[in-house]
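Take a look at the structure set out below.
Within every chain, numbering begins at 1; the chains are lettered A, B, ... in the order of the sequence lines, protein sequences first and strands thereafter.
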Protein chains: 2
Amino acid sequence: MATIDDVARRAGVAASTVSYVLSGKRSISPATRSRVEAAIAELGYHPHAGARALASARTQVIALMVPLPMAPGTSTLRPDVDVNVLMQFVAGIAPRARSQGYDVLLVTDDDPGAAERVWAGSTADAIIAMSVQAEDPRTEALARAKMPAILIGLPEDPHGLSCVDFDFENAGRLAVRHLAGQGHRHIVMVGPPATTFERRMSFAERIVRGMRETAASAGVKFSVVPTAARRDAVAASLAPVLDRDDRPTALVVHHEAALPSVLDVLRDRDWHIPGDISVVAVAPPSIAEQQAAPLSSIEVPAQAIGATAVDMAMAAIRGEGTSETRLVRASLTDRGSTAKPSA
Amino acid sequence: MATIDDVARRAGVAASTVSYVLSGKRSISPATRSRVEAAIAELGYHPHAGARALASARTQVIALMVPLPMAPGTSTLRPDVDVNVLMQFVAGIAPRARSQGYDVLLVTDDDPGAAERVWAGSTADAIIAMSVQAEDPRTEALARAKMPAILIGLPEDPHGLSCVDFDFENAGRLAVRHLAGQGHRHIVMVGPPATTFERRMSFAERIVRGMRETAASAGVKFSVVPTAARRDAVAASLAPVLDRDDRPTALVVHHEAALPSVLDVLRDRDWHIPGDISVVAVAPPSIAEQQAAPLSSIEVPAQAIGATAVDMAMAAIRGEGTSETRLVRASLTDRGSTAKPSA
DNA sequence: TTGAAAGCGCTAACAT
DNA sequence: ATGTTAGCGCTTTCAA
C-alpha cells in the first residue's frame with residue numbers, strides 16, 4: 001500500500017503538503033496541487049484510517065447502536081415490523097453519514113458497556129442509539145461516558161442527551177385536518193389498549209392531543225376507542241360507536257396489530273372503503289399497502305429521522321452540542337382509502 | 001483518556017508489558033498481571049483503536065457491504081427485497097464477529113469503489129458482501145483489490161472469491177420431491193416479482209432450476225408465478241393459474257412478504273389448506289409458524305450463513321484462504337400444510 | 001506557498 | 001519474565 005511519503009516523493013513535495021492538499025486546510029499552488037493529485041491517482045493512494053485517527057483524534061466513524069430484536073429464548077429475530085423501520089433508519093443514516101465523510105460502525109451488543117468500549121477506544125467520534133425506550137439503561141451509560149450521543153426515540157429522562165423522534169402530535173393534526181378537509185364531521189381514533197395510555201407512553205398521548213385539538217378547532221366530533229388487537233376485541237370495542245345513528249364517517253387507526261381486525265370488522269358490516277367509511281392508518285407503508293385494501297397512511301419518516309440524527313451527531317462532534325430534542329414532522333400518503341363522506 | 005503509558009506507570013511496568021497482558025502473546029507472572037489489570041480497571045483504560053491498527057496492521061473490523069434496496073427514483077426501500085433476511089444475516093454476522101473481537105462496519109455505498117476505499121484505507125481487515133447477484137460488479141472489484149472477501153450469494157463468476165450461500169437448488173428439489181411424493185402432479189411456485197428475476201438474483205434462478213428439473217424428471221407439471229407482495233397484486237397474478245380447470249394442487253411460496261396475501265387469496269376462494277390445496281413456504285420458521293395456519297416450510301438458515309461468512313472471513317484474514325464455496329443445505333419442516341391432493 | 005520535525009498510542013522485534 | 005526501542009502513517013505546529 002502506498003503511503004503519504006510515497007505520494008510526496010513522487011510529486012516532489014513534502015508529506016505535509018500532500019496532507020494539506022487532501023484536507024484543504026491551507027492554500028496550495030495550482031501547480032503543486034495538480035502534481036500531488038496526479039501522484040495520488042497514479043499510486044491509488046488512500047490514507048490509512050488508523051494513522052489518521054491517531055494523528056488527528058478523529059475517526060470519521062459514527063457508531064450506530066442497533067438492538068437486534070431477537071425473539072425471547074430463541075436465536076431468531078422477532079417477526080415484528082420493527083425490522084423494516086430499523087432498515088429505514090439505516091437507509092437514512094448511512095448515506096447521510098457518507099456524504100459527510102463518515103463511515104458507520106454497527107454495534108449490536110445488548111451490553112450497555114458497548115458504547116463506552118467504542119467511545120473510550122476511540123473507535124468512533126459519536127454514537128447514535130436507535131430504538132430508545134422510555135426507560136433505557138443505555139441512556140444513562142451514554143450520558144455518563146460524556147460522549148457525543150444522539151438518541152432516536154424519546155426516553156423518560158434523556159439525561160441531557162439530544163433526541164430525535166417522530167412528531168406524533170403533528171401526525172394527529174395531519175390526520176384530522178386531512179379528514180376534516182374532506183368534510184368529515186365525526187372521527188374516531190382506534191388506538192392501542194387502555195393499558196398503553198395508563199402507562200404514560202408519551203407517543204400515544206401526543207398523537208391524541210394533536211387530533212383532539214385540531215378536531216376541536218374544526219368543530220369536528222372526535223373520540224378515542226382503545227382496543228386490543230384480537231378481532232373479537234376490536235369488534236366489541238367498535239360496536240358501540242359504529243352502531244350509533246350518528247356513527248363516525250372516518251377512522252384513524254393507530255394500532256398496527258389491530259389493523260387487519262378493523263378491516264375485517266368493517267367488511268363484516270359490508271361497509272366499503274372509502275364509500276361507506278374512510279380509514280387512515282398510522283403505520284409504515286409496507287403495512288398500509290399490504291392490507292386487503294391499500295390504506296392511506298401517515299408514516300413514521302424513519303429516513304428523515306435518521307438523517308437528522310446524523311446532522312445532530314455532526315454538530316455534537318464539532319462541539320456545537322446544545323442538547324436538544326427535534327421532532328420530525330409527519331406526512332400523509334394518500335392511497336385512496338378516504339373520501340368525502342356520503343350524505 | 002488514559003494511554004497505555006499511564007497504565008504502565010501506574011502498574012510499575014513497561015508499556016510493552018501492558019500490551020502483552022492484553023494480547024496474551026507472552027507469559028506474564030500472576031503478580032504482574034494482576035497489577036496491570038488493576039491499573040487498567042482503575043483508569044478505565046481502553047486501547048486506542050487507531051493506534052493499535054497502525055502498529056499492528058490489523059483493524060479488528062470487518063466491513064459488511066449491504067446494498068440498500070432503494071426503490072429507483074424514490075427515497076423509500078424497495079418493497080420486494082426481503083429486509084428480514086437481510087437482518088437475519090446481520091444477526092448472524094455481528095455477534096459472531098464480536099465474539100472474535102471484531103467490530104462490523106456498515107458499507108451501504110452502491111459504488112463498487114467503496115470496497116476498495118475501505119480496504120486500501122485500512123479501514124477493515126476483510127469484507128463480507130451481501131446479496132451478491134449473478135453478475136455483480138462488486139465481485140470483480142473485490143477480486144481485483146486482492147482483499148480478504150467473502151460473498152454471501154453465488155455470482156456467476158466468483159473471480160476466485162469464497163462464497164457462502166443457501167443451497168437453493170437443493171431447496172427446490174426438496175420441495176418438489178416432497179409434494180410429488182404425496183401425489184401432486186401440478187405445482188406452482190409463487191415467487192418474487194419479475195424485477196428480481198430480471199436483476200438475475202442467483203437465488204431465484206437456482207431454486208427455480210431445482211424445482212423445474214425435479215418436476216421434469218417426476219413428470220410433474222410446473223410453472224412460476226412472480227408477484228408483488230400486495231394482496232391485489234397476488235390475487236391478480238394467481239388468478240389465471242387458479243382459475244384454470246387443471247389448477248395446481250400445490251403452491252410453493254418463495255416470497256415472505258407475499259405470504260399473508262397468498263393465504264388471503266386462498267381463503268377468499270374458500271380453499272382449505274391442505275384439503276383443497278397444499279402450500280409449502282420458503283421462509284424463516286418465525287414467519288411460517290405465524291401465518292393464519294402454520295405452514296410447512298423450507299428455512300433459509302440466514303443466521304448460520306452469516307456466522308459462517310464471519311468464520312470464513314477470519315480464515316481469510318489469517319491467510320488460510322483456500323477459496324471455497326459452501327452451500328448450506330435445506331431442510332423441510334412439516335407443519336401439516338401439505339397433503340395428498342384430493343382426486 | 002512550502003518544508004521539517006515532533007508527536008499521536010500502540011505493537012513487536014530485540015535485548016536482558 | 002520483563003524492559004527498551006524503533007517504527008506504523010498521518011496531522012500539525014513551527015520555521016522559512
Side-chain angles (χ1 to χ4, degrees), chain A residues 1-37 39-40 43-61 101 103 117-125 317, chain B residues 1-37 39-40 43-61 101 103 117-125 317:
Chain A
M1 292 284 98
T3 73
I4 200 172
D5 282 309
D6 297 329
V7 175
R9 228 179 333 265
R10 175 143 196 157
V13 299
S16 58
T17 300
V18 177
S19 176
Y20 285 119
V21 166
L22 252 20
S23 70
K25 287 188 181 173
R26 76 181 182 194
S27 52
I28 303 286
S29 76
T32 304
R33 149 164 286 119
S34 67
R35 292 217 319 289
V36 169
E37 279 166 349
I40 288 175
L43 294 172
Y45 168 72
H46 289 266
H48 187 290
R52 175 173 272 184
L54 182 55
S56 69
R58 284 246 170 300
T59 61
Q60 304 295 105
V61 169
D103 271 315
R117 192 196 96 237
V118 163
W119 169 248
S122 298
T123 299
D125 296 334
I317 290 171
Chain B
M1 293 283 100
T3 73
I4 200 173
D5 282 310
D6 297 329
V7 175
R9 218 169 354 251
R10 176 144 195 155
V13 299
S16 58
T17 300
V18 177
S19 176
Y20 286 119
V21 166
L22 252 20
S23 70
K25 286 188 181 172
R26 75 182 183 193
S27 52
I28 302 283
S29 76
T32 304
R33 150 164 285 117
S34 67
R35 291 217 320 289
V36 169
E37 280 166 349
I40 288 175
L43 295 172
Y45 168 71
H46 289 264
H48 187 290
R52 175 174 273 181
L54 181 55
S56 69
R58 285 245 168 303
T59 62
Q60 304 296 108
V61 169
D103 272 314
R117 191 196 97 238
V118 162
W119 170 248
S122 298
T123 300
D125 296 335
I317 290 171

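- With the end axes of the helix from dT1(C)-dA16(D) to dT16(C)-dA1(D) each set by five pairs, the angle from one to the other reads 30° at 10° resolution.
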* Mind running side-chain contact (heavy atoms from CB on, under 4.5 Å) on D6(A) and Y45(A) for me, showing each step along the way? => CA-CA 9 Å; D6(A) 297 329; Y45(A) 168 72; over 6 Å; no

| said: Evaluate E37(A) against I28(A) for side-chain contact (heavy atoms from CB on, under 4.5 Å), listing each step before the verdict. | reply: CA-CA 12 Å; E37(A) 279 166 349; I28(A) 303 286; over 6 Å; no

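- Within residues 4-13 of chain A, the residues that place at least one heavy atom under 4.0 Å from DNA chain D are, in residue-number order, I4(A).
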inquiry  = With side-chain contact (heavy atoms from CB on, under 4.5 Å) as the criterion, how do T17(A) and R35(A) come out once you've worked through the C-alpha distance, each side chain's angles and the decisive distance to 0.1 Å?
reply    = CA-CA 11 Å; T17(A) 300; R35(A) 292 217 319 289; over 6 Å; no

- Query: Which is it for L22(A) and I40(A) under the side-chain contact (heavy atoms from CB on, under 4.5 Å) test, yes or no, and what are the steps along the way?
  - Reply: CA-CA 10 Å; L22(A) 252 20; I40(A) 288 175; 3.6 Å; yes

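- Within residues 24-32 of chain A, the residues that place at least one heavy atom under 4.0 Å from DNA chain C are, in residue-number order, R26(A), S27(A), I28(A), S29(A), T32(A).
- Across every non-hydrogen atom of A2(B) and L43(B), the tightest pair is CB-CB, 4.0 Å.
- Listed here is the closest heavy atom pair of A15(B) and I4(B): O-CD1, 3.5 Å.
- Residues meeting the side chain to side chain contact (heavy atoms under 4.5 Å, CB included) test with A120(B), sequence neighbours left out: M1(A), H46(A), E116(B).
- Qualifying salt bridge (charged side-chain N to carboxylate O under 4.0 Å, His left out) partners for D5(A), counting only residues two or more places apart in sequence or in other chains: none.
- Taking CZ of R9(A) as the start and OG1 of T3(A) as the end, the distance is 6.5 Å to the nearest 0.5 Å.
- Heavy atoms only, all atoms of each residue included: R26(A) and S16(A) are closest at NH2-OG, 4.4 Å.
- Across P47(A) and R52(A), no two heavy atoms sit closer than the pair CG-NH2, 3.5 Å.
- Between the side chain of D125(B) and the backbone N or O of Q60(B), at least one donor-acceptor pair lies under 3.5 Å.
- Contacts of S19(A) with the nucleic acid, taken as non-hydrogen atoms under 4.0 Å apart, include base atoms.
- Nearer to the 5' terminus of DNA chain D, by closest-nucleotide assignment, is the contact made by A14(B) (compared with the other of A14(B) and M1(A)).
- Of the two residues contacting DNA chain C, namely S23(B) and L54(B), the nearest-nucleotide position lying further toward the 5' end is that of L54(B).
- The nearest pair of heavy atoms linking A49(B) to T123(A) is CB-OG1, 3.6 Å.
- dG9(C) atom P lies 16 Å from atom CG of L22(B), rounded to whole Å.
- In 5' to 3' order, the nucleotides of DNA chain D bounding all contacts with chain A (an atom under 4.0 Å from a heavy atom) are dG9(D) to dC14(D).
- Counting any heavy atom pair closer than 4.0 Å across all strands shown, T17(A) reaches sugar-phosphate atoms only and no base atom.
- Residue-level contact check: S56(A) touches the backbone only, with heavy atoms under 4.0 Å from sugar-phosphate atoms and none from bases.
- Not one side-chain nitrogen or oxygen of Y20(B) sits closer than 4.0 Å to the OP1 or OP2 atom of dC10(C).
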